[in-house]
Amino acid sequence: MVQLAMPELSGAISNMDNHHHHHETLPGSRELPMARSMCWHCQSEVTGEYLCGQCVKVQPLSKELDYFTCFKLPRLLNIDEQQLERTYHELSRTFHPDFYSTKDESEKTISLGNSAFLNAAYRTLKDPIQRVEYLIRLEAGAVKDIRSNPPADLFEEILELQEDMETFRNRSSEADSTERDELRQKLQREREHLEKRQAEMEKALRAKYHEWDALQNKNADPGEARDQKNAVLRSMQEILSNRTYICNMANELLETTG
Amino acid sequence: MSRIVGIDLGTTNSLIAYMDKGAPRVIPNPDGVTKVPSIVGMTDNGLIVGDPAKAHLTRDPARTIYSVKRFMGKGLADVSEELKYFPYTLHEKNGVIRIEIGEKTYSPPQVSAMILKELKRRAEEFLKEDISKAVITVPAYFNDSQRQATKDAGMIAGLEVLRIINEPTAAALAYGLQKKTQGIIAIYDLGGGTFDISILKLKDGIFEVLATNGDTHLGGDDFDQRLIDVVVREIADKHGLNVQDQPDLMQEIRMESERAKVRLSDDTATTLVVELPNGKYEKTLTREVMQSLVMDLVERTLAPCRSALKDAGLQANEIDEVVLVGGSTRMPLVWNKVEELFGTRPHSELNPDEVVALGAAVQADILGGHNKEILLLDVTPLSLGIETMGGVMSALIRRNTTIPTSAKEMFTTYVDGQTSVDIHILQGERELVKDNRSLARFQLKMPPLPAGVPRVEVTFLIDANGILHVTARDIRTNEAQSVQVKPSHGLSDDEVEGMIRDSFKFAEEDIRTRQVIEARTEASAIIMATQKALVRASDLISEKEKANIQGVMQKLSETQKGDDHRAIRAGIAEAEKETHHLAEVLMDATLKEALESKKVSEFVK
C-alpha cells in the first residue's frame, strides 16, 4: 500500500506523543489564575488597563487572556478587519519593545512577552481559517472526538492520486515523455479540481460562521444553546479537517508536477 | 540618555548617522566623505581602516581584509566556493571562520569591530561626545547566527547594540519619515554582497513588514567578479600572463573592474585599463556587454521578489511604490528588470548608499524615546524549527512572522530514567535538517522518572532584533531551567569577552597609526598653506627668508613620508616657527585688524 504523505498532519512528528501544535494557553491546560489586580512594581491596585495608574509601569498580560478578549472582540467569527488592525496598532504602541528600550529589565521583559502574545493574537484572528481553528479550541472539549481520518470517498481519491504521483515520479528519468506529459496534465487537472473543492469548503465554512454568530448573539437557554453551538463547532471542525487533506494533496501535486 | 547612533555596516562601505533636529544625517569625515570602505589593513604600524586601507589593498593584499560581512556567522564550508577569490588564508575554529594575517588570526566579528570603531571615532570627533550606543543594520535575510555575529562585533567595538535592524526596513523608515507615505511599498535593496526585498504596509506611522525575502550571497561584488573573470582570461590569452598568482595585480584588476562597472551606469561605453609588467591591457566595454555578463544575476533577484509577494498575499500590481536601495541599483538594467516585474517605475530620491544609515538613525531616535509617532513592526525572514525523528525539521515559527514572537514546545523522555534530551535548532524552509541552517544545540535536563512522565516546556522567543532566546521550565515543578545554548556558527561568550580585551590592545596600535595619519594630514595642510602664502607675500619678505622657508618645507615633506609621528610633529613645529614672521607680515599687510592667530595655516584658511 502506498504510504500517505500528509505534511500538516503526520509530518510534524514531535519529540513527544501528545504534542501540541498550537502554542497558546488553552482552557484545560491553564495554570492557576494569578491575582492581576496588583502592580508588580509598586504593589498598588492596577486601575488602568495595561499600565499601572500609580507608577505607569506596563503590566504583564493575564495568562487567562484569550485573543478575542485581548482585542476587545466578542467571540464571533465575522469580524471587522479594519477595527482589528486599528486595535492591533494601538496595542502595539502600548507594548512594543521599541518603546521600552530605556526602561529597566523587568519592563523590557514584560513588553517583549506582551508583544509576542499580541502578535500571535493578531496573526490568528486576521486569518479566517486560523480564527475558526482557534475558536474551536477555545470552545471546550466537546468537539475533540472528531475523527482525524479522511472520509471514505476522499480517502479513495487520495490513494489513487498518490499512485499516479508515484508513477509520474518514476517516469521522470525516462526518455519517452508523451506518457509522462499526459500524466502531468491529468495531475494538474486533479489539482485544479481539488482547489475548486477547497474553495467550496471554505464557502460552506463561511456559512457556518454566520450560524455560529447568530447563536452567540441569541440569548437562548444556556443548555440548549450549548448543544446547538457544539453541533456547529463539530461541523466546522469536520469541514476544516477535510480541507486540510485537500490542501495538502493540492500542495503535493503542485510540488510533484512543478 | 546618551545619544544613539545608526550604523550601516555594509559589505563594501559602511556609514554612521545621527538625528540632527528631527532629521537623520550621515556623518562625513573632514573632507566631506560619508562612506567608509569596509576594508581593514594590517600594517607594520598597526591597523588602518577605510580609505587608507583601500589604498593598502594593492600594496599588501595578503594583509588587507575586505568584504568580511560575507563571513559573518559562517563556517568554512559555507564559503568554500569563493575562497579562491580571497587572497588571505581562512580556517575554522568552533564553527567560526578565522582569518589569518601574519601570525595573528581574527574572527569576522573582530574585523567588523575594527570598522565599527572607525565609525565610532568618526562620530565622536564630529559630535564632540562619547558614543557608546548604536543601532546596526543587517540584511533582512540574515539568519540568527549572522545577526548574533553582528551584535558581537558591536560589543567588541565597545558599543551597546540597542537594536539590530533590517536594511530594507531602515530604508523604509528614512523614506517614510521624509515623504509621509501611506500604502504598500516594496524596498528592493541590492548592495555590495547581499540582496533583500521587503514589502511593507505604511499606515498612520506604523511600518508593518508583510514579507521579506532575499539572497545573502548576491550583490555588486558578484557583478564585479563576472567582469574580473573576463579580464583575467583575456590577459592570459593576449599577454600570456597568469595574474591569478599575483594578488596585487588581482586587486588592481578588481578595483578597475569595479570602477568600469560603476562608469557604465552613466555611460554607454568605457575603457578599462590595467598596467601589466609586460605592457598595458586595455578593453573597451559597452553597457550591453556588461549587462549580458550580469543578466542572470540580476534575474536571480526576481524569484525572491515573487516569493515575498506570495507570502504577503499580494499581486505585483497591488504595490503602490517600489523603492531602490543599495549602490548596485544604480545599474539601469536593475531599474528595467524591477519595473518589468512590478509594472511600476521604481524610484530612489534618497542617496541609495546613505539611506540605510539614515533609517538606522531614525530607529535610534525611536529607541531613545524621541519619536513616538513611528513604529516599525518587522518579521523574521526564515522559519525556525527543531530536528525531529528521521532528520526532518519541524517548524515552530514560520517565516514572515511578526517579531517579537514565541513558540512553546513540550518535551519528554523515551526511556525510563533518561536524564537529558538533545535539541537541535534550525532555520530554513526545507524539509530535511541537512538542507537547513544549523543554528544551535542544547541539552535539556530531565528529572529521572519513567519514560513519558517528565514534562519540560521550552520557549523559543525571537526578539525584535530577530535573535533567538531559549528558556525552559519543568511543568511538574514549575521551575525554570537554565539552558546553555551552543551556537553552531557563533562565538561563545568567553570568546567575545577575550576579543573585547584584545580590542584594547589593538586600540593602542590604532592610536599609533592614527597619530601618524593625523600628523601627516596636518603637515600637508601646512605645506599647502605656506605655498599659497609665499605666492601672496612674494614682495613682502626677503629672498633669504623665502629660501629658508622653502628649505624647511622641503624637509617637512620628506619627514612626512616616514612613519614616525614624533618626527613629523617636530617638523611641523619647526615649520610653524619658520613661517611665524611670514604670517605676521601677511596679516599686517592684508588685514588691518589685529588677529590673534600666528599660524600661516590658520591665516590662509
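These figures come from a predicted structure and were not determined experimentally. No hydrogens, no waters, no symmetry mates; every other heavy atom, side chains included, goes into these values. Order of the sequence lines fixes the chain letters, A, B, ..., with proteins taken first and strands second; residue numbering starts at 1 for each chain.
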With a 4.5 angstrom heavy-atom cut-off, which part of [X] approaches chain A: side chain, backbone, both or neither?
| X | result |
| --- | --- |
| I397(B) | neither |
| L461(B) | side chain |
| E160(B) | neither |

Proximal component of [X], with respect to chain B [non-hydrogen, under 4.5 Å]:
| X | value |
| --- | --- |
| H96(A) | side chain |
| F117(A) | neither |
| R93(A) | both |
| N119(A) | side chain |

key: From OG1 (T401(B)) to CZ (R123(A)), nearest 0.5 Å   = 4.5 Å

note = Interatomic distance, CG@D463(B) vs OG@S115(A), rounded to 0.5 Å, equals 11.0 Å

request  = Considering non-hydrogen atoms only, spot the tightest contact between N371(B) and F99(A) and give its length.
outcome  = O-CE2, 4.3 Å

Distance-minimising heavy-atom pair for P404(B) and P97(A) = CG-CG, 3.7 Å

request  = Could you tell me whether R163(B) and D98(A) make a salt bridge, using a distance below 4.0 angstrom between a side-chain N and a carboxylate O?
outcome  = yes

request  = In plain terms, say whether E85(A) and K201(B) are close enough for a salt bridge, that is, a side-chain N and a carboxylate O under 4.0 Å apart.
outcome  = yes

key: Neighbour count >12 (heavy atoms, 6.0 Å) for atom CE, M155(B)   = no

message = With a sphere of 6.0 Å drawn around CD of Q82(A), does it hold more than 12 non-hydrogen atoms of other residues, nucleotides or ligands?
response = no

task = Examine distances only and state if a side-chain atom of S101(A) and a backbone atom of L367(B) form a donor-acceptor pair shorter than 3.5 Å.
result = yes

ask   = Step by step, would you call L377(B) with Y88(A) a side-chain contact (heavy atoms from CB on, under 4.5 Å)?
value = CA-CA 11 Å; L377(B) 300 169; Y88(A) 174 57; 3.8 Å; yes

